[in-house]
Amino acid sequence: MKLGFIGLGVMGAPMAGHLAKAGHEVTVYNRTRSKADAWVAQHGGRPAATPREAAAGAQIVFSCVGNDDDLRQVTIGAEGAFHGMARGSVFVDHTTASAAVAVELETAGAARGIACLDAPVSGGQSGAEQGILTVMAGGDPGAFELAQPVIAHYARAVTLMGPSGSGQKTKMVNQICVAGVVEGLAEGLAFALHAGLDAKKVLGVISKGAATSWQMENRGETMVDGKFDFGFAVDLMRKDLRIAMEEARANGAELPATALIDQFYAKLQKQGHGRMDTSSLMKLLSER
Ligand code: NAP
């Protein structure tokens, strides 16, 4: 297929790479042009000067940028992708953004005959590189049917959750759960250290029981070692928790623990640790 891809960051670059590897004709746009040129040198395809140019003639256009405003800029902004997309084409957004912006883009797309899917991902940089992301989508079932086998080049699970915004809302659930699990793990490990236990031995035992989690299995030992450079950054987590808390204000859900953990992440940012990964809650605890 003829595809466009906008945003070749930590996540977007490997995702677009899987599309090229699968034999699709991919035109890429990246705000910092050098990244697009480097990507083309590695994967083939074509670099574009604007999102609009990357989208021209594409059957599906993908994006993976930072936040709501970045997303608006590359779609409905001047030289945005929507200005270049043909009627009947599909826009798939992998940014973690608000459900409101997903609905806003769906409406803007519909006026141009473009179907939109909000399709945030879980699985991090390694999941993108290995092509094993989890994708949670919202939007039109017909558009999903067209995009699903293409997304499957970099995902092991691609699920339509409901109408526009449902993918983003599912991602919010994911981030709420991750925040709680990481704080619980950090508190447990800090307690183990204070109690004079061998924290790694504790992990070895309790990871076989009811307390186990992906975070415990993949981050437990590095948290004990004080290593916090394993991917998803505190800065990005704060963006995601803000989005989730705004949604909760609108739908009436209560997020008391999430709000508290968000403040712990704010403290890490104030200490200059915004680029550390989310398991750095442990660092903060050992200093409390
Ligand atoms: P990243 O490495 O910072 O990449 C962001 C990309 O978006 C870059 O290509 C950047 O261009 C582009 N961009 C940002 N603002 C833009 C704008 N206004 N106009 C045009 N391009 C713009 O971030 P990432 O880690 O790939 O994350 C991308 C999205 O995936 C985020 O929403 C994040 O929350 C989500 N996510 C990330 C992870 C993870 O582990 N990293 C996991 C799941 C979900 P430049 O190159 O010019 O900066």
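In each ligand, atom 1 is the first atom listed, and ligand 1 is the first ligand listed. Because only heavy atoms are used, hydrogens play no part in the values below, and waters and symmetry mates are left out as well, while side chains stay in.
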Notebook entry, point to check: Short list, please: which atoms of ligand 1 are under 4.0 Å from a heavy atom of Gly7?
Noted result: 9 (O)
Checklist line | Arg275 atom CZ: more than 12 heavy-atom contacts under 6.0 Å | finding: no
Item checked: Residue, atom name and distance, where the atom is the protein heavy atom closest to atom 28 (C) of ligand 1 -> Val65 O, 3.2 Å
Notebook entry, point to check: Looking at Thr95, which atoms of ligand 1 are within less than 4.0 Å of one of its heavy atoms?
Noted result: 32 (O)
Margin query: For Arg238, is there an ion pair with Asp262 - N to carboxylate O distance below 4.0 angstrom?
Written below: yes
Notebook entry, point to check: More than 12 foreign heavy atoms under 6.0 Å from CD of Glu217: is that the case here?
Noted result: yes
Note to self: Salt bridge or not between Asp118 and Lys171? Use side-chain N to carboxylate O under 4.0 Å.
What the structure shows: no
Item checked: Residues Met282, Leu284; criterion side chain to side chain contact (heavy atoms under 4.5 Å, CB included); working and verdict -> CA-CA 5 Å; Met282 175 79 188; Leu284 197 57; over 6 Å; no
Check: Which residue supplies the protein heavy atom nearest to atom 30 (O) of ligand 1, what is that atom called, and how far is it?
Finding: Cys64 SG, 3.7 Å
Check: Counting only heavy atoms not in Lys21, do more than 12 sit closer than 6.0 Å to its NZ atom?
Finding: no
Note to self: Looking only at protein heavy atoms, which one is nearest to atom 45 (P) of ligand 1, and what is the separation?
What the structure shows: Thr32 OG1, 3.4 Å
Next item on the list: Give the atoms of ligand 1, by number and element, whose distance to some non-hydrogen atom of Phe232 is under 4.0 Å.
Entry: 37 (C), 38 (C), 39 (C), 40 (O), 42 (C)
Check: What atoms in ligand 1 come closer than 4.0 Å to a heavy atom of Gln125?
Finding: 40 (O)
Next item on the list: If you have a sec, work out which protein heavy atom is nearest atom 4 (O) of ligand 1 and how many Å separate them, to one decimal?
Entry: Gly9 CA, 3.3 Å
Notebook entry, point to check: Does the pair Lys239/Asp235 count as a salt bridge with the N-to-O cut at 4.0 Å?
Noted result: no
Item checked: Protein contact of atom 19 (N) of ligand 1 - nearest heavy atom, named by residue and atom, plus distance -> Val74 CG1, 3.6 Å
Notebook entry, point to check: What's the shortest distance from atom 2 (O) of ligand 1 to any protein heavy atom, and which residue and atom give it?
Noted result: Val10 N, 2.9 Å
Margin query: Under 4.0 Å from atom 23 (O) of ligand 1, can you find at least one protein heavy atom?
Written below: no
Margin query: With a heavy-atom distance limit of 4.0 Å, tell me whether Lys171 approaches ligand 1 through its side chain, its backbone, both, or neither.
Written below: side chain
Check: Under 6.0 Å from the CZ atom of Arg156, do we count more than 12 heavy atoms belonging to anything else shown?
Finding: no
Checklist line | Thr96 and ligand 1 - part of the residue with a heavy-atom distance under 4.0 Å | finding: both
Next item on the list: Consider every N or O of Gln73 and every N or O of ligand 1, then say whether any pair is closer than 3.5 Å.
Entry: yes
Notebook entry, point to check: Under 6.0 Å between ring centres, would you say that holds for His273 and Tyr265?
Noted result: no
Note to self: Any nitrogen or oxygen of Asn30 lying under 3.5 Å from a nitrogen or oxygen in ligand 1? Just yes or no.
What the structure shows: yes
Check: Do the ring centers of Phe5 and Tyr29 come within less than 6.0 Å of each other?
Finding: no
Check: Hey, does Gly66 come in under 3.5 Å of ligand 1, counting only N/O atoms on both sides?
Finding: yes
Checklist line | Nearest non-hydrogen protein atom, atom 21 (N) of ligand 1 | finding: Arg31 CB, 3.6 Å
Next item on the list: Describe, in one word, how the ring planes of Phe62 and Tyr154 are oriented to each other, choosing from parallel (under 30°), tilted (30 to 60°) and perpendicular (over 60°).
Entry: perpendicular
Check: Which residue holds the protein heavy atom closest to atom 26 (O) of ligand 1, what is that atom called, and what is the gap in Å?
Finding: Met11 N, 2.9 Å
Notebook entry, point to check: Relative to ligand 1, is Lys239 under 4.0 angstrom through side chain, backbone, both or neither, heavy atoms considered?
Noted result: side chain
Item checked: Atoms of ligand 1, numbered as shown, that sit under 4.0 Å from any heavy atom of Lys35 -> 45 (P), 46 (O), 48 (O)
Notebook entry, point to check: Using 4.0 Å as the upper bound for N to carboxylate O, is an ion pair formed by Glu25 and Arg46?
Noted result: no
